[in-house]
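In what follows, a structure is listed as structure tokens, so that the remarks can point back to it.
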Amino acid sequence: MAIGFQFILTLFSLFSVPSLTFAFAPILPRFPSSAVSAELKQRSHSSQNGLYRTKFFTQILDHFNFNPQSNHTFQQRYLINDTFWGGAKNNAPIFVYTGNEGNIEWFTQNTGFMFENAPSFQALLVFIEHRFYGKSIPFGGNKTVAYANTSTLGYLSSTQALADYAALIIDLKKNLSATDSPVVVFGGSYGGMLAAWFRMKYPHVAIGALASSAPILHFMGMVSPDIFISIITQDFRSESENCYKVIKGSWDLIDDTANKPGGMELLRKTFRICKSDDFGPDSLEGWLRAAWIYTAMTDYPTPSNFLNPLPAYPVKKVKRGKGD
């Protein structure tokens with residue numbers, strides 16, 4: 001039992017969490033928003049003069065219907081970097097990032113691929129924020145109102161988001177007198193799905209799309225509902241069969257320990273968890289599940305600060321724990 005716990009704690013040390021309070025169910029992780037807002041605010045000032053400039057576009061609320069509030073507008077944020085752009089006269093390309101479900105600054109600061117390739121292509125870089133996220137909140141920027149019910153949340157859809165991107169890109173090219181500059185869209189995960197769909201739905205706007213880690217066909221009835229977890233499992237198993245076996249066996253180990261006298265206290269102390277009425281084996285397993293998923297999702301060859309500060313090849317680092 002000690003070996004299994006020591007192995008699991010290897011990941012715990014990678015995430016460097018001093019203490020935890022459990023109050024969530026075992027669900028798939030989402031991109032953080034408020035959790036990183038303070039850090040983003042700290043970096044935004046310098047970013048304004050370096051990595052990008054912040055702009056806003058007056059976006060229409062509903063691109064497809066003629067309801068009374070369809071013509072309402074909101075301010076959609078986008079970030080732009082023209083450091084390497086060859087200019088409209090040279091028909092230099094425009095690289096556009098189709099924003100994910102989160103603050104666009106966060107994705108911009110973690111999308112090195114576009115910045116690395118911009119000089120070679122003399123490309124203009126544009127990062128568009130997804131509606132209902134970051135500072136691109138409809139209904140007067142009031143998130144409480146925007147997220148209140150289905151009458152307002154109904155405008156939060158990938159279809160509307162794609163139309164947002166098309167309208168903004170077309171208007172931006174017009175304002176830059178760059179109507180002949182080709183556009184290539186980029187995205188990762190959900191943003192990659194949007195990039196691929198954008199190229200299919202708006203081929204007159206973008207000549208190509210690069211979709212990274214984009215499950216564009218991941219819908220009910222098309223793939224196994226377990227495929228995501230299967231891929232996460234394979235990430236660890238490809239590094240070490242023992243790694244896979246230890247993680248697989250940890251779930252029963254946690255349950256068995258929790259059912260023994262003093263077991264919950266042992267689990268709490270082992271994982272250095274704050275005392276909480278919500279703490280139980282389900283919440284612990286939910287946290288661990290999210291940790292494994294985040295580690296596999298950001299198994300990059302270089303250190304990153306995307307979902308959490310992690311070293312290069314974090315899955316390999318976990319595999320080197322005492323459980324291997």
Side-chain angles (χ1 to χ4, degrees), residues 24-33 35-36 63-64 95-104 106-108 110-111 113-114 127-134 136 147 150 153-166 184-203 205-206 208-239 244 247-248 251 285-301 304 306-308 310 313-315 318:
F24 53 83
I27 58 175
L28 292 181
R30 296 178 58 190
F31 291 120
S33 53
V36 295
H63 295 275
F64 307 106
F95 290 173
V96 176
Y97 187 91
T98 50
N100 302 52
E101 66 281 27
N103 189 316
I104 191 59
W106 189 57
F107 293 101
T108 305
N110 288 280
T111 307
F113 182 81
M114 291 173 63
F127 298 80
I128 309 176
E129 190 162 66
H130 196 296
R131 56 167 55 202
F132 282 79
Y133 293 98
S136 303
Y147 281 75
T150 55
L153 273 175
Y155 296 104
L156 171 57
S157 71
S158 58
T159 307
Q160 295 282 4
L162 292 175
D164 287 343
Y165 299 153
V184 179
V185 290
F186 296 76
S189 191
Y190 170 54
M193 297 167 75
L194 292 172
W197 294 338
F198 188 87
R199 166 58 182 157
M200 290 187 280
K201 186 159 186 172
Y202 298 96
V205 179
L210 192 154
S212 176
S213 299
I216 58 175
L217 298 178
H218 197 147
F219 292 98
M220 293 294 292
M222 300 186 71
V223 296
S224 166
D226 300 322
I227 191 170
F228 179 78
I229 296 300
S230 296
I231 293 171
I232 298 296
T233 301
Q234 183 56 35
D235 283 347
F236 288 93
R237 195 170 193 174
S238 64
E239 285 294 340
Y244 156 76
I247 294 176
K248 182 178 180 181
W251 311 120
E285 290 172 5
W287 175 73
L288 286 171
R289 187 178 293 109
W292 300 132
I293 290 172
Y294 277 134
T295 303
M297 285 174 62
T298 54
D299 193 30
Y300 303 135
S304 69
F306 193 42
L307 299 179
N308 273 290
L310 289 173
Y313 298 108
V315 171
V318 171

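For the numbers below, each heavy atom of this structure counts, side chains included, while hydrogens, waters and symmetry mates do not.
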Exercise for review: Could you grab the distance from atom CG of L310 to atom OH of Y294, nearest 0.5 Å is fine?
Suggested key: 11.0 Å
Check your understanding: Which atoms form the tightest heavy-atom contact between E129 and I104, and what is the distance?
Key -> OE2-N, 3.0 Å
Revision key, fill the gap. To the nearest 0.5 Å, atom NZ of K201 lies from atom OG1 of T159 at 5.0 Å
Practice item. Quick one: pull up OH in Y190 and CD1 in I216 and give me the separation to the nearest 0.5 Å. Key: 14.0 Å
Point to revise | Nearest heavy atoms of R131 and Y155, plus distance in Å | key: NH1-O, 2.8 Å
Check your understanding: Below 4.5 Å, heavy atoms only, C-beta onward: do Y165 and V96 meet side chain to side chain?
Key -> no
Revision key, fill the gap. For P215 and S213, the nearest pair of non-hydrogen atoms, with its separation, is CD-O, 3.3 Å
Exercise for review: Check whether any side-chain heavy atom of N100 lies under 4.5 Å from a side-chain heavy atom of W106, and answer yes or no.
Suggested key: no
Exercise for review: Determine, stepwise, if the pair T111 / Y97 fulfils side chain to side chain contact (heavy atoms under 4.5 Å, CB included).
Suggested key: CA-CA 9 Å; T111 307; Y97 187 91; 4.0 Å; yes
Check your understanding: Are any of the side-chain heavy atoms of F107 and F127 separated by less than 4.5 Å?
Key -> no
Review point. Do the rings of Y147 and Y133 sit parallel, tilted or perpendicular, given the 30° and 60° boundaries?
Key: perpendicular
Practice item. Supply the atom-to-atom distance L156 CG to E101 CD, rounded to the nearest 0.5 angstrom. Key: 10.0 Å
Check your understanding: Nearest heavy-atom pair of A211 and A196: which atoms, and what distance?
Key -> CB-CB, 4.2 Å
Review point. Say you draw a straight line from OG of S189 to CG of L194; how long is it, rounded to the nearest 0.5 Å?
Key: 9.5 Å
Check your understanding: D235 versus W292: any side-chain heavy-atom pair under 4.5 Å?
Key -> no
Review point. Do the non-hydrogen side-chain atoms of V205 and F198 ever get within less than 4.5 Å of each other?
Key: yes
Point to revise | Residues H63, D164; criterion side chain to side chain donor-acceptor pair (under 3.5 Å); working and verdict | key: CA-CA 8 Å; H63 295 275; D164 287 343; 2.6 Å; yes
Review point. Of all heavy-atom pairs between A214 and G192, which one has the smallest distance, and what is that distance?
Key: CB-C, 3.4 Å
**Study point:** Heavy-atom closest contact (A296 atom, F236 atom, distance)
**Key:** CB-CE1, 4.2 Å
**Study point:** Atom pair OG1/CZ of T98 and R199 - distance to nearest 0.5 Å
**Key:** 14.0 Å
